[in-house]
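Note that these values count all heavy atoms, side chains included, but never hydrogens, waters or copies made by symmetry. Since the model is a prediction, treat every value here as computed from it, not as a measurement.
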Amino acid sequence: QVQLVESGGGLVQAGGSLRLSCAASGRTSSNYGMGWFRQAPGKEREFVAAISRSGGMTNVADSVKGRFSISRDNAKNTVYLQMNSLKPEDTAVYYCAAKRIAGISRVGAMYDYWGQGTQVTVSS
């Protein structure tokens, strides 16, 4: 079992940056592949980025490629989502997720644990 707590969300102007953090407690986070997903009002949840257990493999959605990056610090049991050049369409609740199976995945159903989410609002 692992518990996930996201932080770092907030209100930012278009073109600005935010760094989201996901702190894991319980089992050591290095046992899990991690991912970030987001859900905007009235829309389905969508994949944003994923990282392998060691951090050696990453994958980001095409919609955020070149602007967002994912990283992890296993010593701190924390995963990060660096978001640059934010756009109003990035506005959403961002969720951190953990999966027991090795590798990375864009599919939400592959993840076993989810955080409560953190709101990101980008004003134009």
Side-chain angles (χ1 to χ4, degrees):
Q1 190 85 355
V2 62
Q3 293 77 44
L4 305 173
V5 178
E6 303 95 336
S7 62
L11 174 64
V12 64
Q13 289 188 332
S17 297
L18 283 175
R19 188 177 79 159
L20 304 184
S21 298
C22 173
S25 60
R27 294 284 182 90
T28 304
S29 67
S30 60
N31 292 332
Y32 299 88
M34 302 294 292
W36 286 98
F37 292 78
R38 67 186 182 185
Q39 187 167 21
K43 295 188 177 181
E44 293 188 353
R45 181 181 63 195
E46 66 172 348
F47 167 78
V48 177
I51 190 166
S52 62
R53 293 173 177 177
S54 68
M57 290 191 298
T58 63
N59 189 270
V60 296
D62 290 344
S63 60
V64 303
K65 193 166 292 183
R67 301 187 297 121
F68 290 14
S69 62
I70 186 171
S71 61
R72 68 188 301 163
D73 184 339
N74 285 339
K76 296 182 178 180
N77 285 338
T78 302
V79 176
Y80 304 99
L81 183 68
Q82 179 66 44
M83 306 187 295
N84 299 326
S85 302
L86 283 160
K87 303 176 181 180
E89 51 262 45
D90 295 317
T91 295
V93 177
Y94 283 71
Y95 297 92
C96 173
K99 59 190 274 301
R100 293 188 296 263
I101 298 176
I104 55 177
S105 176
R106 294 183 164 214
V107 179
M110 295 297 292
Y111 290 81
D112 303 289
Y113 306 102
W114 293 81
Q116 293 299 305
T118 185
Q119 176 70 48
V120 171
T121 303
V122 184
S123 63
S124 57

Take Gln116 and Cys96 through the side-chain contact (heavy atoms from CB on, under 4.5 Å) test and state the conclusion after the steps. CA-CA 8 Å; Gln116 293 299 305; Cys96 173; over 6 Å; no
Going through the checks in order, is the side-chain contact (heavy atoms from CB on, under 4.5 Å) test met by Ile51 and Trp36? CA-CA 9 Å; Ile51 190 166; Trp36 286 98; over 6 Å; no
Less than 4.0 angstrom from a charged side-chain N to a carboxylate O is my criterion; do Asp112 and Lys99 meet it? no
Rounded distance (nearest 0.5 Å) linking atom OG of Ser54 with atom CG of Asn74: 8.0 Å
Could you go step by step and tell me if Leu81 and Arg19 meet the side-chain contact (heavy atoms from CB on, under 4.5 Å) rule? CA-CA 6 Å; Leu81 183 68; Arg19 188 177 79 159; over 6 Å; no
For Ser17, what residues pass the side chain to side chain donor-acceptor pair (under 3.5 Å) criterion, not counting sequence neighbours? Asn84
Measure from the side-chain N and O atoms of Arg67 to the backbone N and O of Ser85, and report whether any donor-acceptor pair falls under 3.5 Å. yes
Heavy-atom side-chain proximity of Ile104 to Thr58 below 4.5 angstrom: no
Is a side-chain donor or acceptor of Thr118 paired with a backbone partner of Gly9 at a separation under 3.5 angstrom? yes
Go through the structure and list residues passing side chain to side chain donor-acceptor pair (under 3.5 Å) with Glu89, not counting sequence neighbours. none
Please confirm whether the backbone N or O of Val122 pairs with a side-chain atom of Thr91, one donor and one acceptor, at under 3.5 Å? yes
Answer with yes or no after comparing the ring centroid distance for Phe37 and Tyr111 against a 6.0 Å cut-off, counting only values under it. yes
Is it the case that one hydrophobic cluster holds both Met110 and Tyr113, taking links as side-chain heavy atoms less than 4.5 Å apart, direct or via other members? no
Glu44 backbone acceptor or donor facing Gln39 side chain under 3.5 Å: no
Please check if the side chain of Gln82 supplies one atom and the backbone of Phe68 the other of a donor-acceptor pair under 3.5 Å. no
Is a side-chain donor-acceptor pair under 3.5 Å present for Arg106 with Asn59? yes
Using a strict 4.0 Å threshold on nitrogen-to-oxygen distance, state whether Lys87 and Asp90 make a salt bridge. no
Residue pair Met34 / Leu4, side-chain heavy-atom distance below 4.5 Å: yes
For Ser25 and Val2, which heavy atoms make the closest approach, and how far apart are they? O-CG2, 3.1 Å
Could you tell me which non-hydrogen atom of Ala92 sits nearest to which non-hydrogen atom of Ala40, and how far apart they are? CB-N, 3.8 Å
Please round to the nearest 0.5 Å and tell me the distance separating atom CD of Glu46 and atom OG of Ser63. 5.0 Å
Pairs involving residues 73-97, ordered by first then second residue, that meet ring pair (Phe, Tyr, Trp, His ring centres under 6.0 Å) (sequence neighbours left out): none
Quick check: do Arg45 and Trp114 have side-chain heavy atoms less than 4.5 Å from each other? yes
Arg72 side chain vs Thr78 backbone, donor-acceptor pair below 3.5 Å: no
Between Leu20 and Val120, does a side-chain contact (heavy atoms from CB on, under 4.5 Å) hold up when you go through it step by step? CA-CA 9 Å; Leu20 304 184; Val120 171; 4.0 Å; yes
Rounding to 0.5 Å, atoms CE (Met57) and CD1 (Ile70) come to a distance of 12.0 Å
Arg100 side-chain N/O to Gly33 backbone N/O, donor-acceptor pair under 3.5 Å: no
